[in-house]
Amino acid sequence: MITTTLRSVPGVLARTDRRPRTEHVVLGPEGVRFPGGRRADQVDEDGILWRPWTGPDTGPVLWNRFDDERQRELLDRLLCAHCGREPDRTEAGMLWLLPATEAFTSGRDALTTIPPICRPHADRALALCPELGQGHTAVRVRRSDRWGVRGTVHHPDGTRTDEDVPFTDPMRIRRTVAHQLIRRLWDSVPSVPDRPLHEEVL
Ligand SMILES: [Zn+2]
(Lines give C-alpha, C1' and ligand atoms only; values in the text may rest on other atoms or scores of the structure.)
Protein backbone atom coordinates (compact mmCIF):
# COMPACT_ATOMS: atom_id res chain seq x y z
CA MET A 1 0.00 0.00 0.00
CA ILE A 2 1.41 3.37 -1.01
CA THR A 3 1.61 5.81 1.89
CA THR A 4 3.43 8.64 0.16
CA THR A 5 0.59 11.04 -0.57
CA LEU A 6 1.42 13.64 2.07
CA ARG A 7 5.20 13.38 1.83
CA SER A 8 7.16 16.55 1.20
CA VAL A 9 9.98 14.54 -0.40
CA PRO A 10 9.74 11.92 -3.15
CA GLY A 11 8.08 8.79 -1.84
CA VAL A 12 10.16 6.54 -4.08
CA LEU A 13 13.32 7.46 -2.17
CA ALA A 14 14.57 5.31 0.70
CA ARG A 15 14.94 6.62 4.24
CA THR A 16 17.92 5.95 6.46
CA ASP A 17 15.98 3.57 8.70
CA ARG A 18 14.72 1.39 5.82
CA ARG A 19 16.93 -1.30 4.37
CA PRO A 20 16.77 -4.65 2.56
CA ARG A 21 16.14 -7.50 4.97
CA THR A 22 19.07 -9.90 5.04
CA GLU A 23 17.90 -13.31 3.91
CA HIS A 24 19.87 -16.44 3.21
CA VAL A 25 19.22 -17.45 -0.39
CA VAL A 26 18.97 -21.08 -1.46
CA LEU A 27 19.45 -22.07 -5.11
CA GLY A 28 17.54 -25.23 -5.99
CA PRO A 29 16.28 -26.90 -9.15
CA GLU A 30 13.26 -24.59 -9.23
CA GLY A 31 15.39 -21.48 -8.80
CA VAL A 32 16.15 -19.21 -5.86
CA ARG A 33 14.17 -19.23 -2.63
CA PHE A 34 14.50 -18.15 0.94
CA PRO A 35 14.71 -20.86 3.64
CA GLY A 36 11.32 -22.47 4.20
CA GLY A 37 10.21 -22.46 0.57
CA ARG A 38 8.81 -19.95 -1.91
CA ARG A 39 6.07 -18.25 0.10
CA ALA A 40 3.26 -16.42 -1.66
CA ASP A 41 4.22 -13.08 -0.05
CA GLN A 42 7.76 -13.37 -1.42
CA VAL A 43 6.98 -14.43 -4.98
CA ASP A 44 4.87 -12.50 -7.50
CA GLU A 45 2.34 -13.88 -9.96
CA ASP A 46 5.12 -14.54 -12.46
CA GLY A 47 7.09 -16.64 -9.98
CA ILE A 48 9.78 -14.00 -9.38
CA LEU A 49 11.33 -13.83 -5.90
CA TRP A 50 11.53 -10.27 -4.51
CA ARG A 51 13.93 -9.09 -1.79
CA PRO A 52 11.93 -7.78 1.20
CA TRP A 53 12.68 -4.49 2.98
CA THR A 54 12.24 -3.62 6.64
CA GLY A 55 12.31 -0.56 8.90
CA PRO A 56 9.96 2.10 10.30
CA ASP A 57 10.38 4.52 7.36
CA THR A 58 10.62 7.70 9.45
CA GLY A 59 14.28 8.69 9.06
CA PRO A 60 15.93 11.28 6.80
CA VAL A 61 15.68 10.73 3.05
CA LEU A 62 18.52 9.24 1.04
CA TRP A 63 18.57 11.22 -2.20
CA ASN A 64 20.65 8.63 -4.03
CA ARG A 65 18.66 5.48 -3.24
CA PHE A 66 15.22 4.15 -4.06
CA ASP A 67 13.12 2.21 -1.57
CA ASP A 68 12.88 -0.93 -3.70
CA GLU A 69 9.46 -2.01 -2.45
CA ARG A 70 7.97 1.39 -3.22
CA GLN A 71 9.83 1.65 -6.54
CA ARG A 72 8.36 -1.63 -7.68
CA GLU A 73 4.79 -0.64 -6.84
CA LEU A 74 4.99 2.89 -8.28
CA LEU A 75 6.59 1.78 -11.55
CA ASP A 76 4.36 -1.27 -11.91
CA ARG A 77 1.19 0.77 -11.40
CA LEU A 78 2.53 3.82 -13.27
CA LEU A 79 2.09 6.25 -10.39
CA CYS A 80 3.98 9.47 -9.61
CA ALA A 81 7.42 8.85 -8.09
CA HIS A 82 6.76 11.52 -5.49
CA CYS A 83 3.10 11.37 -4.41
CA GLY A 84 1.86 8.00 -5.70
CA ARG A 85 -1.00 9.67 -7.59
CA GLU A 86 -1.66 9.85 -11.33
CA PRO A 87 1.36 11.14 -13.26
CA ASP A 88 1.08 13.99 -15.76
CA ARG A 89 -0.38 12.91 -19.08
CA THR A 90 -1.02 14.75 -22.35
CA GLU A 91 -1.74 13.60 -25.89
CA ALA A 92 2.01 13.18 -26.31
CA GLY A 93 2.08 10.67 -23.45
CA MET A 94 3.02 10.22 -19.81
CA LEU A 95 5.74 12.42 -18.28
CA TRP A 96 9.09 10.98 -17.19
CA LEU A 97 12.13 12.80 -15.84
CA LEU A 98 15.26 10.81 -16.60
CA PRO A 99 18.80 11.64 -15.49
CA ALA A 100 21.11 12.53 -18.35
CA THR A 101 22.96 9.29 -17.64
CA GLU A 102 19.88 7.11 -18.21
CA ALA A 103 20.49 4.64 -21.02
CA PHE A 104 18.50 4.92 -24.22
CA THR A 105 18.60 1.42 -25.68
CA SER A 106 18.00 2.36 -29.29
CA GLY A 107 16.85 5.64 -30.72
CA ARG A 108 14.11 6.91 -28.46
CA ASP A 109 13.49 3.75 -26.43
CA ALA A 110 14.80 3.60 -22.89
CA LEU A 111 15.02 1.14 -20.03
CA THR A 112 14.39 2.74 -16.66
CA THR A 113 13.74 1.99 -13.00
CA ILE A 114 12.32 5.48 -12.48
CA PRO A 115 8.54 5.85 -12.09
CA PRO A 116 6.69 8.56 -14.04
CA ILE A 117 5.90 11.88 -12.37
CA CYS A 118 3.11 14.45 -12.04
CA ARG A 119 3.58 18.07 -13.10
CA PRO A 120 3.92 19.74 -9.67
CA HIS A 121 6.40 17.13 -8.53
CA ALA A 122 8.41 17.30 -11.76
CA ASP A 123 9.12 20.95 -11.04
CA ARG A 124 9.90 20.10 -7.42
CA ALA A 125 12.21 17.24 -8.39
CA LEU A 126 14.18 19.47 -10.74
CA ALA A 127 14.64 21.96 -7.93
CA LEU A 128 15.58 19.44 -5.22
CA CYS A 129 17.13 16.30 -6.72
CA PRO A 130 20.94 16.48 -6.95
CA GLU A 131 21.14 13.84 -9.70
CA LEU A 132 18.54 15.50 -11.90
CA GLY A 133 20.23 18.84 -11.22
CA GLN A 134 23.35 17.52 -12.95
CA GLY A 135 21.39 17.05 -16.16
CA HIS A 136 18.10 15.48 -17.14
CA THR A 137 15.85 14.62 -20.05
CA ALA A 138 12.11 15.26 -19.82
CA VAL A 139 10.25 12.89 -22.10
CA ARG A 140 6.71 11.84 -22.84
CA VAL A 141 5.84 8.24 -23.49
CA ARG A 142 2.65 6.77 -24.93
CA ARG A 143 3.60 3.17 -24.42
CA SER A 144 5.69 1.34 -21.86
CA ASP A 145 5.83 -2.23 -20.66
CA ARG A 146 7.42 -4.26 -17.92
CA TRP A 147 10.81 -5.31 -19.29
CA GLY A 148 12.50 -7.15 -16.44
CA VAL A 149 14.12 -6.74 -13.04
CA ARG A 150 17.31 -5.35 -11.55
CA GLY A 151 18.55 -7.87 -9.03
CA THR A 152 21.11 -10.42 -7.92
CA VAL A 153 21.58 -13.52 -10.08
CA HIS A 154 22.70 -16.64 -8.19
CA HIS A 155 24.83 -18.94 -10.34
CA PRO A 156 25.17 -22.74 -9.97
CA ASP A 157 28.86 -22.35 -9.05
CA GLY A 158 27.91 -20.31 -5.98
CA THR A 159 28.83 -16.89 -7.35
CA ARG A 160 26.45 -13.94 -7.57
CA THR A 161 26.24 -11.00 -9.96
CA ASP A 162 24.07 -7.89 -9.95
CA GLU A 163 22.36 -7.65 -13.32
CA ASP A 164 19.41 -6.30 -15.25
CA VAL A 165 17.50 -9.43 -16.29
CA PRO A 166 14.74 -9.39 -18.94
CA PHE A 167 11.54 -11.37 -18.49
CA THR A 168 12.39 -13.01 -21.82
CA ASP A 169 15.18 -14.95 -20.07
CA PRO A 170 13.20 -17.32 -17.81
CA MET A 171 16.21 -19.46 -16.89
CA ARG A 172 18.05 -16.45 -15.50
CA ILE A 173 14.95 -14.89 -13.94
CA ARG A 174 14.40 -18.04 -11.87
CA ARG A 175 17.90 -17.64 -10.40
CA THR A 176 17.41 -13.93 -9.63
CA VAL A 177 16.43 -12.25 -6.37
CA ALA A 178 14.69 -9.17 -7.77
CA HIS A 179 15.31 -5.73 -6.27
CA GLN A 180 13.67 -3.29 -8.66
CA LEU A 181 11.31 -3.42 -11.63
CA ILE A 182 12.55 -2.18 -15.03
CA ARG A 183 10.23 -0.73 -17.66
CA ARG A 184 10.91 -0.18 -21.33
CA LEU A 185 9.74 3.21 -22.54
CA TRP A 186 8.84 3.01 -26.22
CA ASP A 187 9.40 5.82 -28.68
CA SER A 188 9.79 8.62 -26.14
CA VAL A 189 9.51 12.20 -27.35
CA PRO A 190 11.10 15.26 -25.75
CA SER A 191 8.75 17.22 -23.54
CA VAL A 192 8.82 20.60 -25.36
CA PRO A 193 12.57 20.65 -25.96
CA ASP A 194 12.91 24.39 -26.48
CA ARG A 195 11.28 25.49 -23.26
CA PRO A 196 11.81 24.72 -19.58
CA LEU A 197 9.38 22.12 -18.27
CA HIS A 198 7.53 24.62 -16.09
CA GLU A 199 6.68 26.71 -19.19
CA GLU A 200 5.16 23.83 -21.14
CA VAL A 201 1.57 24.57 -22.14
CA LEU A 202 -0.84 21.92 -20.95
ZN1 LIG B 1 3.20 13.72 -7.77
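- For the pair Arg175 (side chain) and Gly28 (backbone), a donor-acceptor distance under 3.5 Å is absent.
- Taking each heavy atom of Leu97 and Ala122 in turn, the nearest pair found is CD1-O, 3.6 Å.
- Residues satisfying the side-chain hydrogen bond (donor to acceptor under 3.5 Å, both in side chains) criterion with Trp50, sequence neighbours excluded, are Asp44.
- In the hydrophobic clustering (ILVMFWY side chains linked at under 4.5 Å, chained through shared members), Val43 is joined by Val25, Leu27, Val32, Phe34, Leu49, Val177.
- Atom OG1 of Thr112 is separated from atom CG of Leu185 by 6.0 Å, given to the nearest 0.5 angstrom.
- With sequence neighbours left out, the side-chain contact (heavy atoms from CB on, under 4.5 Å) criterion links Thr161 to Val153, His155, Glu163.
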(Q) Please evaluate residues His82 and Val12 with respect to the criterion side-chain contact (heavy atoms from CB on, under 4.5 Å), reporting the C-alpha separation (whole Å), side-chain torsions for both, the decisive distance (0.1 Å), and the verdict. (A) CA-CA 6 Å; His82 188 122; Val12 73; over 6 Å; no
Q: For Arg108 and Ser188, run side-chain hydrogen bond (donor to acceptor under 3.5 Å, both in side chains): C-alpha distance rounded to whole Å, both residues' side-chain angles, the deciding distance at 0.1 Å, then the answer.
A: CA-CA 5 Å; Arg108 298 186 300 191; Ser188 66; 5.9 Å; no
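- Ion pair Asp46/Arg146 flagged as a salt bridge, since at least one NZ, NE, NH1 or NH2 atom sits closer than 4.0 Å to an Asp/Glu carboxylate oxygen.
- One finds the SG atom of Cys80 at 6.0 Å from the NE2 atom of His121 (value rounded to the nearest 0.5 Å).
- No side-chain heavy atom of Arg183 sits under 4.5 Å from any side-chain heavy atom of Pro115.
- Put simply, CG on Leu13 and CG on Leu62 are 8.0 Å apart, with the number rounded to the nearest 0.5 Å.
- Considering only residues two or more places apart in sequence or on other chains, Glu30 meets the salt bridge (charged side-chain N to carboxylate O under 4.0 Å, His left out) condition with Arg33.
- Thr90 contributes a side-chain N or O that, together with a main-chain N or O of Ala92, makes up a donor-acceptor pair within less than 3.5 Å.
- The salt bridge (Lys or Arg N to Asp or Glu O under 4.0 Å) pairs that include a residue from residues 60-69 are Arg18-Asp67, Arg18-Glu69, Arg51-Asp68, Asp67-Arg70, where partners are two or more places apart or lie in different chains.
- Contact of the Val139 side chain with the Pro190 side chain is not registered, since no non-hydrogen atoms from C-beta on lie closer than 4.5 Å.
- In this structure, the side-chain contact (heavy atoms from CB on, under 4.5 Å) partners of Pro56, at least two apart in sequence or on a different chain, are Asp17, Thr58.
- Partners of Arg72 according to the side-chain hydrogen bond (donor to acceptor under 3.5 Å, both in side chains) rule, which considers only residues two or more places apart in sequence or in another chain, do not exist here.
- Under the 4.5 Å side-chain heavy-atom criterion for ILVMFWY residues, no single connected hydrophobic cluster contains both Trp53 and Val149.
- Atom-to-atom distance recorded for Leu111:CG and Ile182:CD1 is 6.5 Å, nearest 0.5 angstrom.
- Heavy atoms only, all atoms of each residue included: Leu74 and Ala81 are closest at CD1-O, 3.9 Å.
- Judged by distance alone, with hydrogens and angles left aside, the side-chain atoms of Arg174 form no donor-acceptor pair with the main-chain N or O of Gly31 at under 3.5 Å.
- Using a 4.5 Å heavy-atom cutoff, the side chains of Leu95 and Cys118 are not in contact.
- A heavy-atom distance below 4.5 Å is found between the side chains of Ile173 and Ile48.
- Looking at Asp187 and Arg143, their side chains never come closer than 4.5 Å, going by heavy atoms from C-beta outward.
- The side-chain hydrogen bond (donor to acceptor under 3.5 Å, both in side chains) check on Asp145 picks up Trp186, with sequence neighbours excluded.
- In this structure, the side chains of Pro52 and Glu23 come closer than 4.5 Å at one or more pairs of heavy atoms.
- In this structure, the side chains of Ile117 and Pro87 stay at 4.5 Å or more apart for every pair of heavy atoms.
- Applying the salt bridge (Lys or Arg N to Asp or Glu O under 4.0 Å) test to pairs two or more places apart or on separate chains, those with a residue in residues 150-161 are Arg150-Asp164.
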(Q) Could you walk me through whether Trp96 and Ser144 satisfy the side-chain contact (heavy atoms from CB on, under 4.5 Å) test, starting with their C-alpha distance in whole Å, then the side-chain angles of each, then the deciding distance to 0.1 Å, before giving a yes or no? (A) CA-CA 11 Å; Trp96 252 272; Ser144 72; 4.1 Å; yes
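- Going from atom CG of Asp169 over to atom CE of Met171 covers 8.5 Å, rounded to the nearest 0.5 Å.
- Atoms CZ and OG, on Arg119 and Ser191 in that order, are 6.0 Å from each other to the nearest 0.5 Å.
- Between Leu79 and Glu86, the closest side-chain pair of non-hydrogen atoms falls below 4.5 Å.
- Scanning for side-chain hydrogen bond (donor to acceptor under 3.5 Å, both in side chains) contacts around Trp63 gives an empty result, with sequence neighbours left out.
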